[in-house]
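What you see below is based on every heavy atom in this structure, not just the backbone, and it leaves out hydrogens, waters and symmetry mates.
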Amino acid sequence: QVQLVESGGGLVQAGGSLRLSCAASIRTFSRYAMGWFRQAPGKEREFVAAITWSSGRTYYAESVKGRFTISRDNAKNTVYLQMDNLKPEDTAVYYCAAGSNIDSVRDADVYWGQGTQVTVSS
């Protein structure tokens, strides 16, 4: 059984920052690759960032490189997404994801959280 609960979303002005958290109820959390996806109204869900369980290597969509940072705290069963220099185009529902490996996460073959809304005003 896997349960993922996101928090930290909200309304922020362009150029501001938010940090999203995903609390995972997963046995052997440290062995799951974790990631973040987002979906805007009328758009398909898209990959944002991921982090492996083995080495902590990170992966990012080109649109967020240099602005977003994914990290994990295995002792707390939590993954984070630090979002800096936010832009209106970042407005979306952000979903936490857990997969058996990094390829599963990139392919969206994952367990999903319920999502948290991020709105960036111009």
Side-chain angles (χ1 to χ4, degrees):
Q1 181 173 227
V2 176
Q3 294 181 355
L4 306 172
V5 180
E6 302 95 332
S7 62
L11 175 64
V12 66
Q13 193 172 26
S17 298
L18 286 173
R19 188 174 79 156
L20 305 183
S21 298
C22 174
S25 180
I26 309 175
R27 293 189 178 275
T28 66
F29 170 81
S30 63
R31 297 200 175 210
Y32 282 79
M34 304 295 296
W36 290 93
F37 290 72
R38 66 187 182 187
Q39 186 170 24
K43 304 288 186 178
E44 294 187 353
R45 193 168 300 186
E46 65 175 350
F47 169 79
V48 175
I51 184 168
T52 67
W53 66 264
S54 57
S55 65
R57 184 175 180 180
T58 57
Y59 302 82
Y60 298 95
E62 287 293 329
S63 60
V64 306
K65 284 184 178 179
R67 298 189 299 120
F68 291 10
T69 304
I70 188 171
S71 62
R72 65 190 297 162
D73 186 337
N74 290 339
K76 296 181 178 180
N77 282 15
T78 301
V79 62
Y80 304 95
L81 185 68
Q82 177 67 42
M83 305 185 294
D84 297 319
N85 191 25
L86 283 161
K87 304 175 180 180
E89 66 189 69
D90 296 317
T91 295
V93 176
Y94 283 71
Y95 296 90
C96 182
S100 59
N101 55 63
I102 196 67
D103 291 327
S104 295
V105 173
R106 293 298 303 272
D107 292 338
D109 182 17
V110 297
Y111 297 97
W112 296 107
Q114 85 289 347
T116 185
Q117 177 70 49
V118 172
T119 303
V120 184
S121 64
S122 59

Response to the item:
Separation between CG (Leu11) and CD (Gln117), nearest 0.5 Å, reads 9.5 Å
Worksheet item: Of all heavy-atom pairs between Asn85 and Ser17, which one has the smallest distance, and what is that distance?
Response: N-OG, 4.2 Å
Worksheet item: Counting distance only, does the side-chain N/O of Gln39 pair as donor-acceptor with the main-chain N or O of Ala92 below 3.5 Å?
Response: no
Worksheet entry | Verify same cluster id: Ile70, Met83 (apolar side-chain graph, 4.5 Å) | yes
Worksheet item: Does Tyr95 belong to the same Ile/Leu/Val/Met/Phe/Trp/Tyr cluster as Leu18, with side-chain heavy atoms less than 4.5 Å apart forming each link?
Response: no
Worksheet item: Considering all heavy atoms of both residues, which atom of Thr78 and which atom of Ala23 are nearest to each other, and what is their separation?
Response: OG1-CA, 4.3 Å
Item to complete: Would you check if Trp112 and Val2 make a side-chain contact, meaning some heavy-atom pair closer than 4.5 Å?
Response: no
Response to the item:
Heavy-atom nearest pair, Trp36 first then Glu6, reads CZ3-CG, 3.7 Å
Discussion item. Are Tyr111 and Ile102 linked, directly or through intermediate hydrophobic residues, by side-chain heavy-atom contacts shorter than 4.5 Å (ILVMFWY only)?
Written reply: no
Discussion item. Restricting to non-hydrogen atoms, name the atom on Gly35 and the atom on Val105 that form the minimum distance, rounded to 0.1 Å.
Written reply: CA-CG1, 4.0 Å
Fill in: Any donor-acceptor pair under 3.5 Å from Thr52 side chain to Ala33 backbone
no
Fill in: side chain to side chain contact (heavy atoms under 4.5 Å, CB included) partner of Arg38, the single match among Leu81, Val93, Asp90
Asp90
Item to complete: Please report the closest heavy-atom contact between Ser122 and Pro88, naming both atoms and the distance.
Response: CB-CG, 3.9 Å
Practice prompt. Check Phe68 against Val48 and note the closest heavy-atom contact, atom names and distance.
Written response: CD2-CG1, 3.8 Å
Worksheet item: If you measure from CH2 on Trp53 to CG on Asn74, what distance do you get to the nearest 0.5 Å?
Response: 10.5 Å
Worksheet item: Should Met34 and Val118 be regarded as members of a common hydrophobic cluster, given that ILVMFWY residues are connected when their side-chain heavy atoms come within less than 4.5 Å of each other, either directly or indirectly?
Response: yes
Worksheet item: Would Thr69 and Tyr60 satisfy side-chain contact (heavy atoms from CB on, under 4.5 Å), going step by step from the backbone distance to the final call?
Response: CA-CA 8 Å; Thr69 304; Tyr60 298 95; 3.8 Å; yes
Worksheet item: So, does Gln82 use its side chain to make a donor-acceptor pair with the main chain of Arg19 at under 3.5 Å?
Response: no
Discussion item. Checking the side chain of Thr116 only, and the main-chain atoms of Ser7 only, is there a donor and an acceptor separated by less than 3.5 Å?
Written reply: no
Discussion item. Using the rule that Ile, Leu, Val, Met, Phe, Trp and Tyr join whenever any side-chain heavy atoms are under 4.5 Å apart, tell me whether Tyr94 and Val64 fall into a single cluster.
Written reply: yes
